[in-house]
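This report concerns only the one structure given below.
Note that the coordinates shown come from a computational prediction; the quantities given were computed from them, not determined experimentally.
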Amino acid sequence: VVLTGILPTLAKSHLGRENIADRPRYFALDEALSTLRGGSYELQIEGLDEVAIEHDSVILEALNTSFQLHYQVDPEHFAELYNLAQAFAAPLLAVSANSPVLFGKRLWRETRIAIFQQTVDTRSGAPHERDFLARVRFGEHWVAESPMELFKEDIARFRVILGREECENPFEAIEAGRVPRLEALQLHNSTVYRWNRVCYGTDGTRPHLRIENRVLPAGPTIRDQVANAAFWFGLMRGGRAAYGDIRPRMDFDEARSNFLVAARQGMASELTWFDGRYLPAHQLVLEELLPVAREGLLAAGVDAGDVERYLGVVRERTETRQTGAQWL
């Protein structure tokens, strides 16, 4: 087992349905997404080289291996924190990218992003279909007040593709004094793939909200993964104090553009940042974001030695501009 966003030795011959993990959910997703798409899956990515393939299964998505993090938030702080997660996605991706090669071709510095956005796209190739939103997406705007904005959008815009025979009635649960599990919402939410996704859950007695970070690749070592997690958790904890409400300071389209630039160019990215500043990703991380993350982790009670150890991994990558996304 190798920790990496995309295994460089993968071949097209590995993409048979017989290699889908033997879980009913995966076969149900494959069938449902293929039906909605109404045709073959096409993957076309241009980088230094180019890949263009056609396949009959969503197993193309299994080319990716991600490292997904969850950050629990209070409802009253959700909007600010979710918006910060969106803004932080680009520099986080720039310093963690490690998936530059697919089928021996040199593509994006983080090719996972392109693969996932194309392979889980249920829209057909018809021109009018391209006006609809893709199931995998960064988003369209900042959150103003509540996670309900995201839940409502995704329920309204995307068909239900998986269901359960029985679900708890949430109103009956509330009347009985129980926390509703909202199973139908959770199941639908699991089939809409924002790069930062809002998640509802409960431990049986208390409900909670989480922001799920789906940006990061796996690996290339456990130490790297812990360092990436420390950097993001530190930014999330320290970001509110450092930046507050970022909506007046950055257009949403700039955050979305930054994300795609970082996926394509990694540490070579030039990013638009708050208050109209335009600067290299490595400068932004070294001079501004690492100090914010450090303060956030210390405020959360993380051991100072651990803070320096793991943020030091990110600092070294950034200073040398070696992230695992170099051409093999």
Side-chain angles (χ1 to χ4, degrees), residues 1-8 64-72 81 84-101 108-113 195-196 211-239 241-243 258-259 261-271 273 279-328:
V1 176
V2 177
L3 285 172
T4 185
I6 298 174
L7 193 64
N64 291 342
T65 305
S66 301
F67 177 48
Q68 295 166 6
L69 304 171
H70 289 243
Y71 188 77
Q72 190 167 316
L81 287 167
L84 283 168
Q86 294 283 73
F88 293 147
L92 179 69
L93 188 59
V95 299
S96 62
N98 73 7
S99 307
V101 175
W108 293 10
R109 299 295 178 168
E110 191 51 52
T111 305
R112 285 174 43 259
I113 304 302
W195 288 109
N196 284 297
I211 297 171
E212 180 189 24
N213 179 333
R214 304 174 55 82
V215 170
L216 293 167
T221 67
I222 293 174
R223 183 183 178 92
D224 282 300
Q225 290 196 158
V226 177
N228 291 338
F231 187 39
W232 188 64
F233 287 137
L235 286 173
M236 294 301 292
R237 179 60 186 263
Y243 300 116
N258 283 345
F259 180 68
V261 168
R264 290 188 175 102
Q265 300 179 10
M267 284 304 303
S269 303
E270 298 277 337
L271 304 177
W273 200 239
L279 65 170
H282 67 89
Q283 181 182 341
L284 173 63
V285 171
L286 289 173
E287 296 180 3
E288 187 167 327
L289 297 184
L290 279 171
V292 170
R294 182 179 184 276
E295 290 304 313
L297 292 172
L298 292 175
V302 178
D303 178 81
D306 287 338
V307 172
E308 297 306 319
R309 179 178 302 110
Y310 291 111
L311 291 188
V313 173
V314 177
R315 183 179 299 108
E316 181 179 1
R317 277 192 226 141
T318 309
E319 289 174 343
T320 61
R321 305 188 200 178
Q322 299 290 319
T323 66
Q326 308 310 309
W327 305 130
L328 300 182

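A distance of 11.0 Å separates CZ in R109 from CE in M267, rounded to the nearest 0.5 Å. For the atom pair CG of N228 and CG of L92, the computed distance is 6.5 Å after rounding to the nearest 0.5 Å. Separation of atoms CD (E212) and CH2 (W195) is listed at 11.0 Å; rounding is to 0.5 Å. Rounding to the nearest 0.5 Å gives a distance of 6.0 Å between CH2 of W232 and CG of L69. Interatomic distance, L81 CG to N196 CG, rounded to the nearest 0.5 Å: 11.5 Å. Between the CG atom of N98 and the CZ atom of R112 there is a distance of 8.0 Å, given to the nearest 0.5 Å.
When atom types are taken as modelled, the side chain of R317 and the backbone of V95 share a donor-acceptor pair closer than 3.5 angstrom. A donor-acceptor pair under 3.5 Å links the side-chain atoms of T323 to the main chain of A97, judged by distance alone. Of the possible polar contacts, one joining the T111 side chain to the S99 backbone as a donor-acceptor pair under 3.5 Å is found.
Side-chain contact between V313 and D224 is present, with heavy atoms from C-beta onward closer than 4.5 Å. A 4.5 Å side-chain heavy-atom check between L93 and I113 finds at least one atom pair inside the cut-off. Residues T65 and I6 are not in side-chain contact: their nearest non-hydrogen atoms beyond the backbone lie 4.5 Å or more apart. Between V2 and L7 the shortest side-chain heavy-atom distance falls below 4.5 Å.
Counting all heavy atoms, side chain and backbone alike, Y310 lies closest to R223 at CD2-O, 4.1 Å. The two residues A85 and I211 make their nearest non-hydrogen contact at CB-CG2, 4.2 Å. The two residues F88 and M236 have their closest heavy-atom pair at CD1-SD, 4.2 Å. Between L286 and R315 the shortest heavy-atom distance is CD2-CG, 3.9 Å. The minimum heavy-atom distance linking E110 with S96 is given by the pair OE1-O, 4.4 Å. Nearest heavy atoms, A262 versus A90: CB-O, 3.3 Å.
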Please list every donor-acceptor pair under 3.5 Å in which a side-chain atom of residues 287-305 meets a protein atom from a residue at least two apart or in another chain.
residue: E287; atom: OE1; partner: Q283; partner atom: NE2; Å: 3.4
residue: E288; atom: OE1; partner: R277; partner atom: NH1; Å: 2.9
residue: E288; atom: OE1; partner: R277; partner atom: NH2; Å: 3.2
residue: E288; atom: OE2; partner: Y243; partner atom: OH; Å: 2.6
residue: E288; atom: OE2; partner: W273; partner atom: NE1; Å: 3.0
residue: E288; atom: OE2; partner: R277; partner atom: NH2; Å: 3.3
residue: R294; atom: NE; partner: E308; partner atom: OE2; Å: 2.6
residue: D303; atom: OD2; partner: G305; partner atom: N; Å: 2.9
residue: D303; atom: OD2; partner: D306; partner atom: N; Å: 3.1

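Y71 meets the side chain to side chain donor-acceptor pair (under 3.5 Å) test with no other residue; sequence neighbours excluded.
Taking a 6.0 Å sphere around CD of Q68, one finds it holds more than 12 heavy atoms contributed by other residues, nucleotides or ligands.
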